[in-house]
Number of protein chains: 2
Amino acid sequence: MLTQRQLQVLQVIIDEFIHTAQPIGSRAIAKKGEISFSSATIRNEMADLEDMGLIEKTHTSSGRVPSERGYRFYVDHLLSPIRLSQAEMQRIGLAFEKDYIHFEKVVQESARILSELTNYTSIILGPEVFNSTLRQIQIISLSENTAVAILVTNNGHMEHRYFNVPKMMKMSDLERLVNILNDRLAGVPLIQLKEKLYGEITELLMKYSEDFESTYYLLQQALLEEQPVKLYVDGISNIMYQPEFKDIEKVQSLFTVMEQEDEMVNLLRKSDEGIRVSIGQEIELDAMQDCSLITATYTLDNSHLGTIALLGPTRMDYSRVISLLNVLSKQMSKSLDGLY
Amino acid sequence: MLTQRQLQVLQVIIDEFIHTAQPIGSRAIAKKGEISFSSATIRNEMADLEDMGLIEKTHTSSGRVPSERGYRFYVDHLLSPIRLSQAEMQRIGLAFEKDYIHFEKVVQESARILSELTNYTSIILGPEVFNSTLRQIQIISLSENTAVAILVTNNGHMEHRYFNVPKMMKMSDLERLVNILNDRLAGVPLIQLKEKLYGEITELLMKYSEDFESTYYLLQQALLEEQPVKLYVDGISNIMYQPEFKDIEKVQSLFTVMEQEDEMVNLLRKSDEGIRVSIGQEIELDAMQDCSLITATYTLDNSHLGTIALLGPTRMDYSRVISLLNVLSKQMSKSLDGLY
DNA sequence: GTTAGCACTCCCTTATTATGAGTGCTAAAT
DNA sequence: ATTTAGCACTCATAATAAGGGAGTGCTAAC
């Protein structure tokens, strides 16, 4: 268990390091005035904190730097929720004043705000289809042999999927097909479309459709193709202005993974409700050793819709970022609810 | 005018520098065997080439490096079209064997191929709407007060635009409106929708629509909002593996502009038919001083649809890249033509 | 329990010195 | 008139050394 004074020392070290990115010495802490003991006393406390693995030296005679465990402790126990500044509130307020007509705009604007206000990289994931059910299917012919299927969901989303129309299939066949589908598939969760199709619909189709083969193929294309969830990234260059990334090789490997969308999607998918902080090693990607990832979720009608995250150095301004994410995820949810 | 030997020397210097990124000395050129004169002779030629501004020294006693003018000369006069390797042809062939059903997939795959085969950054722009005319409008209701307009163009594209439905407007009103629009706007180029609307349609609407104000507002949202043209980037991290970007500050400023989509769009818009090479300063962006940009265009039914480009260091493998772009832009056009 | 004092460590900066690749010029050779 | 060998000179780069300074751990005194 940590003494009151040790807590104080740890807090000062981390707060200071977060802003300067420089190792902190005992003398510097003593001079800051928040702790009125001599540097020698503080040195002793620091030795203890180091034994506990909460801080580290960069070399034998250097000042101390928070360890990952230190950050973890800080996030779990020392975080003081911060009031956003006037300017920040204004920036957010202004953006959400407009009434957006489209989901995507809300998300993009949110990503922009996050990266702007923090100078970290913001990543937003969504919407996930877990909770949406199909309301309606429409098919629009584009050319002789291609068409697009528009899937409208209960929560007012729209997806479109292109497909080839078999030669022998007429528009009237298509229409009949759409009617069958609308009849049978309305209300079905999008992720269950596949099994539903394999199940009951198949039989039905065999009865009604003259050319089962090609109809089936068509449906495969139009309904079953996995629609990858979208990823919005903003301020990706911000992170390389951080002093921990003055070494180009780190930037290289970081950017190389960030280019792999599926990796990023996996990363963000792990987040559960509420705010979650992953520090350094806790992120499973080697290239993000020196990073922390903070995720929050946003909702539509109280059900999980997507994830909003910030990626920065482990030396992140946790208090501020968490407050900001809290505010923003709520704003997003509110704005989205208002949309439909 | 350059002598034969000077041309040779210049060619060797540039070819060599493109692959090593190191200044080339007279001795190295002599040893390469392509020119059977002594290093002293070559030294004299090099001095001349430098006087003409085609090559430069990095310091008083260094070897030579191509200047921007040198690259320009090289591109204009010394380029030898290169046969793509078996592996490259295969990579491309395989990708275009599949019959895509959607424009976007073709573009994304092309961008991927380009950055993979060159290790530069590929940027693709498009499709532009210049040449497409409206074929059909459909409106799909999403929720009580939102709907989406689907615009289908003559060349089989689809755009969708969300909009708010005024409270007092019923579905039947909407349907009537759509009919009017389809009647009057079919065949109109997308970029002229605006003026058409201001012109003849307005009168018509005033007659038929009970609530002109809100109808007009609706149309504004649904039809007139500028739809930004899409930008696909692939292999953005490739460029920072180039030795000219070992300095992080260059990477920072480069990535900072590349994040500004409109800047990039402007850049690519400048390209005209055929292949165009912009070297260093010729690109108007400061952050791209050390870069070259090579653009080509792709078409649909022989009319300009979009731009495909590669961004790399000025020390780019021009011959290879140009051959590759040639092949790929044709393949894209072909694949797109087959699509509709 | 706290603090002053001190020896010690190691990073960082600056200065110094090779080393070597490459040049320009001159004079000799072809 | 070209071409080439020879040589002095330049300058980046790497390696080495030296000094300064921030910071530590430990001991002994307060």
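Just so we're on the same page: letters track the sequence lines, and every chain starts at 1.
Of the candidate nucleotides D:dT24, D:dA5, C:dT2, C:dT2 has the atom lying nearest to any side-chain atom of A:Thr41. Closest to the side chain of B:Arg64, from the set C:dG24, D:dT4, D:dC26, is C:dG24. You'll find that the side chain of A:Ser61 is closest to D:dG23, out of D:dG23, D:dA5, D:dG25. Here the nucleotide nearest the side chain of A:His59, chosen from D:dT24, C:dC10, D:dT4, is C:dC10. When distances are taken from the side chain of A:Glu50 to each of D:dG25, D:dT3, C:dC11, the shortest belongs to D:dG25. Looking at the side chain of A:Phe37, the nearest of the listed nucleotides C:dT9, C:dT2, D:dT4 is C:dT2. Minimum atom distance to the side chain of A:Ser38 is reached by C:dA4, of the listed C:dA4, C:dG5, C:dC25.
As judged by a 4.0 angstrom heavy-atom cut-off over every strand, B:Thr58 is placed among residues making no nucleic acid contact.
Taking only side-chain nitrogens and oxygens, B:Ser62 never comes nearer than 4.0 Å to OP1 or OP2 of C:dT23. Contact check, A:Lys57 against D:dG25: a side-chain N or O comes under 4.0 Å of OP1 or OP2.
Atom P of nucleotide D:dG25 and atom CD1 of A:Ile55 are separated by 9 Å, given to the nearest angstrom. The distance from atom CG of B:Leu49 to atom C1' of C:dT23 is 15 Å, rounded to the nearest whole Å. Nucleotide C:dG1 holds its C1' atom 14 Å from the CD atom of A:Gln6, rounded to whole Å. Counting to the nearest Å, the P atom of C:dG1 and the CD1 atom of A:Ile42 are 17 Å from each other. The nearest whole Å value for the distance from the CD atom in A:Glu56 to the C1' atom in D:dT24 is 16 Å. Spacing between atom CD1 of B:Ile13 and atom C1' of C:dT23 amounts to 13 Å, rounded to whole angstrom units. A:Gln4 has its CD atom 17 Å from the C1' atom of C:dG1, to the nearest Å. For the pair A:Gln22 CD and D:dG23 C1', the computed distance is 14 Å after rounding to whole Å.
Ring pair B:Phe255/A:Phe255 is perpendicular by interplanar angle, where above 60° counts as perpendicular and below 30° as parallel.
Side chain of B:Ser271 to main chain of B:Thr295: no donor-acceptor pair is present (N/O by atom type, distance under 3.5 Å, no hydrogens or angles).
Comparing A:Arg5 and B:Met46 by the nucleotide of DNA chain C that holds the closest heavy atom to each, the one mapping nearer the 5' end is A:Arg5.
Side-chain N/O atoms of B:Arg27 and base N/O atoms of C:dG22 include no donor-acceptor pair closer than 3.5 Å.
The shortest side-chain heavy-atom distance between A:Tyr232 and A:Ser110 does not fall under the 4.5 Å cut-off. Taking the side chain as every heavy atom from C-beta outward, A:Thr121 and A:Met258 approach each other to under 4.5 Å.
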Begin with the C-alpha distance, continue with both residues' side-chain angles, and end with the deciding distance and a verdict on salt bridge (Lys or Arg N to Asp or Glu O under 4.0 Å) for B:Arg91 and B:Glu116.
-> CA-CA 10 Å; B:Arg91 173 73 177 85; B:Glu116 245 179 45; 2.7 Å; yes

